[in-house]
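A, B, ... follow the sequence lines: proteins, then strands. Residue 1 opens every chain. Here the structure is a predicted model, which is why all the values come from computation and not from measurement.
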Amino acid sequence: MTARADAKEPLRLRLVRSARNGMTPVMLLAGPFIFLGVMIIWPLIEQVWISLTDARLTNPSAGEFVGLQNYATALSGSALPRVLLNTMVYTVGTTVIALVIGVLAAVVVNMKFAGNSVVKAILATPWAIPSVAAALIWLWMFSQSRGVINRGLEALGQDGIAWLTSEPWAMVAVIAVTAWQAVPFVMLVTLAALKSVPQETAEASRIDGAPRLGTFQWVIWPHILPTVRLLAILQVIEALRKWDIIAVLTQGGPVNSTNTLVIAIQRQAFEYQQLGMGATYAIIGITIAIVFTLAYLLLERREEKKNTR
Amino acid sequence: MPRITFDGISKSFGDTQVLDPFDADIADGEFLVLLGPSGCGKSTLLRMIAGLTDITSGTLLFDDVPVNHADVRKRDIAFVFQSYALYPQMTVRQNIAFPLLMDRMSGWQHLPILSTLIRARLMRDERVRSQVNGLAEQLGLTAYLDRRPGALSGGQRQRVALARSLVRDPSLYLLDEPLSNLDAKLRIQMRTDIAALHREVGKTFVYVTHDQIEAMTMATKIIVMDGGKIQQIGTPDDIYDRPANTTVARFVGSPPMNLVDLSSGDQQWRQSLRRSYGDGTVVGFRPENVRIVPSGAGIMPGTVETVERTGPESIVAITLDGHADSRTYARVPNDMTPSPAERVSLDIDMSSSSFFDSVTGERTELPVTA
């Protein structure tokens with residue numbers, strides 16, 4: 001075919017041809033890349049730069065280059081280990097609780113029983129409530145003197161607990177509220193995966209002699225496992241950047257016991273006005289998130305290879 | 001090794017009756033084929049035998065013991081699914097061993113983590129190993145034992161599914177269109193393999209298919225189903241030579257039985273046939289019982305439409321005079337084929353023909369006078 005004939009080709013054929021030439025993919029990907037560049041990559045580079053300066057909130061762009069001094073200060077101080085420990089407890093706690101309860105709820109809701117869709121709708125509501133509103137509701141419920149939770153405890157003859165102002169309980173409270181909000185998402189996504197369990201394979205397991213628990217263990221669980229893994233990484237990343245619920249409930253207190261990375265970033269940058277130090281904390285947080293994501297992607301690739309070998 | 005008795009078995013989903021009540025008795029060791037077009041209720045019937053679908057009315061008996069409410073796991077059956085239904089995350093070895101492991105594991109041993117450890121221990125068990133290895137050898141799967149189903153071809157997966165059903169040595173084998181996802185050549189080979197397997201294990205097989213060749217080649221007994229009704233129960237020869245009604249006659253055979261309705265049309269050949277066989281009669285004859293003779297010599301005159309060479313012989317499609325809406329097929333040797341548009345006449349072996357009532361479609365036995 002000559003070049004002149006090309007011009008008369010239908011648009012679709014011309015697109016296919018130019019795709020082979022390598023221009024179309026570049027053009028199609030240009031949009032997302034420009035967007036990512038402006039919204040993510042450039043701010044990230046700037047963030048890295050700020051973390052290497054002593055910029056303050058009052059002069060954000062006039063910071064002096066100080067090299068890795070912020071990192072040295074952060075890593076040698078006593079605040080960061082506590083912040084990282086808090087972040088780990090919070091992340092693991094919310095992820096494990098949200099996954100366990102969410103998956104169990106999905107399995108239960110997936111069974112056939114009367115009022116099933118009503119239960120599903122009720123279980124889904126926490127997800128629909130904005131985080132700050134949800135946190136405010138729980139703030140009242142956790143109230144030491146008038147909160148419904150302590151009223152309940154007192155009715156059972158127990159002493160009330162200073163939920164948001166005493167050492168282990170503040171962390172328990174923020175984890176509980178975060179997990180409470182995450183459960184519906186986990187449940188709905190898991191439910192979708194449960195709906196696609198191949199019926200014949202589940203029936204085959206019954207014929208092969210598996211009890212109900214066996215069918216779950218050998219057919220249903222392996223089928224939904226990739227979804228659960230995806231939910232786990234989403235939940236980890238969500239926990240690593242969760243700010244609003246902690247900010248409303250405890251503001252990182254008491255005595256830093258719920259002070260996670262995100263809360264610490266906000267404090268460094270806006271309370272102590274140490275923009276450079278805030279950026280340093282942010283870079284540390286991003287690094288952790290990237291490590292988790294890479295670990296997840298590697299795991300997924302290994303699993304995918306396994307099933308076709 | 002059960003004898004299966006269907007006592008007024010029927011099935012409906014809500015208001016929709018998908019299987020009309022019927023009785024049948026299947027002897028032990030029989031190879032029963034449930035044959036019918038898709039949507040005729042044959043898979044539903046198979047699932048009812050397995051206990052995967054409940055029975056609306058009637059009683060299903062294995063060796064005279066009602067099993068309507070017996071648990072699937074207690075029925076001692078194997079089921080080969082159309083989709084093979086292998087466990088994708090398990091190796092071929094683990095798939096085949098699965099029923100053996102289930103026999104040896106109690107309920108709580110299926111708990112996460114614990115179950116994986118117990119399975120690993122059971123997989124090392126000498127008897128499990130030797131049984132799995134023996135079957136793998138028998139079915140040519142030894143080289144694939146450590147692969148996962150995703151890495152196997154359709155035929156290999158099919159054999160894994162068979163091995164998994166064989167490993168527990170059940171007394172009843174249920175197979176739901178197991179060959180429909182295979183290519184033609186493999187299908188013929190597996191057909192022979194499954195028939196040989198049946199002779200070897202000597203257990204009762206129930207096999208669902210819409211492919212009448214599969215039914216004719218493998219079955220010792222066939223139940224022909226259509227529209228949720230049992231059309232005929234009999235041996236392959238019964239079904240082929242003495243179809244119970246025009247539905248069976250039309251479904252079995254390729255090309256199917258020719259049916260010529262004598263109740264209408266006033267051509268001379270019809271009138272003379274009507275005098276012999278009655279005017280409310282449909283004459284049915286197989287394509288191989290037709291001889292094509294020169295025009296004027298046979299009993300049914302017509303025009304050749306097409307000639308199809310199938311290799312060893314040819315299928316000739318003929319339009320009979322006054323019968324323009326349907327074709328009559330003849331199976332003839334290659335050297336005796338007429339050419340298209342040629343005027344011919346058909347000579348039919350009436351002693352091997354079937355006769356049906358033109359209103360009800362049911363088989364009628366007529367004294368053959370011709």
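- A:Pro211 and B:Gly107 get closest at one heavy-atom pair: CG-CA, 4.4 Å.
- Interface remark: of the candidates B:Met105, B:Arg119, B:Gln109, B:Arg119 forms the most heavy-atom pairs closer than 4.5 Å to chain A.
- Crowding of A:Tyr296 atom OH: a count of heavy atoms from other residues, nucleotides or ligands under 6.0 Å exceeding 12.
- Crowding of A:Leu156 atom CG: a count of heavy atoms from other residues, nucleotides or ligands under 6.0 Å exceeding 12.
- Atom CZ of A:Phe33 has 12 or fewer neighbouring heavy atoms from other residues, nucleotides or ligands inside a 6.0 Å radius.
- Listed here is the closest heavy atom pair of B:Arg73 and A:Arg206: CG-O, 3.1 Å.
- Side-chain contact check for A:Trp218 versus B:His110: some heavy-atom pair is nearer than 4.5 Å.
- Taking the side chain as every heavy atom from C-beta outward, A:Glu200 and B:Tyr84 never approach each other to under 4.5 Å.
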*asked:* Show, in sequence, the C-alpha distance, side-chain angles and deciding distance for B:Gln89 and A:Glu303, and conclude whether the side-chain contact (heavy atoms from CB on, under 4.5 Å) test is met.
replied: CA-CA 9 Å; B:Gln89 82 284 7; A:Glu303 288 295 319; over 6 Å; no

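- Residues B:Leu86 and A:Thr201 form no side-chain contact, since every pair of their non-hydrogen atoms from C-beta on lies 4.5 Å or further apart.
- By the 4.5 Å heavy-atom criterion applied to side chains, B:Thr116 and A:Gln217 are counted as neighbours.
- No part of A:Trp221 comes within reach of chain B, as not one of its non-hydrogen atoms sits under 4.5 angstrom from that chain.
- With a 4.5 Å cut-off on non-hydrogen atoms, B:Ala78 touches chain A through its backbone but not through its side chain.
- At a threshold of 4.5 Å between non-hydrogen side-chain atoms, the residues A:Asp208 and B:Arg164 count as touching.
- Contact of the B:Met102 side chain with the A:Ser205 side chain is not registered, since no non-hydrogen atoms from C-beta on lie closer than 4.5 Å.
- Residue contact with chain B, scored on non-hydrogen atoms closer than 4.5 Å, is absent for A:Pro198.
- When the shell of 6.0 Å around OH of B:Tyr144 is examined, it contains 12 or fewer heavy atoms from other residues, nucleotides or ligands.
- Contact annotation: the side chain of A:Ile207 never approaches that of B:Leu174 to less than 4.5 Å [non-hydrogen atoms, C-beta and beyond].
- With a 4.5 angstrom heavy-atom cutoff, B:Arg75 does not touch chain A via any of its atoms.
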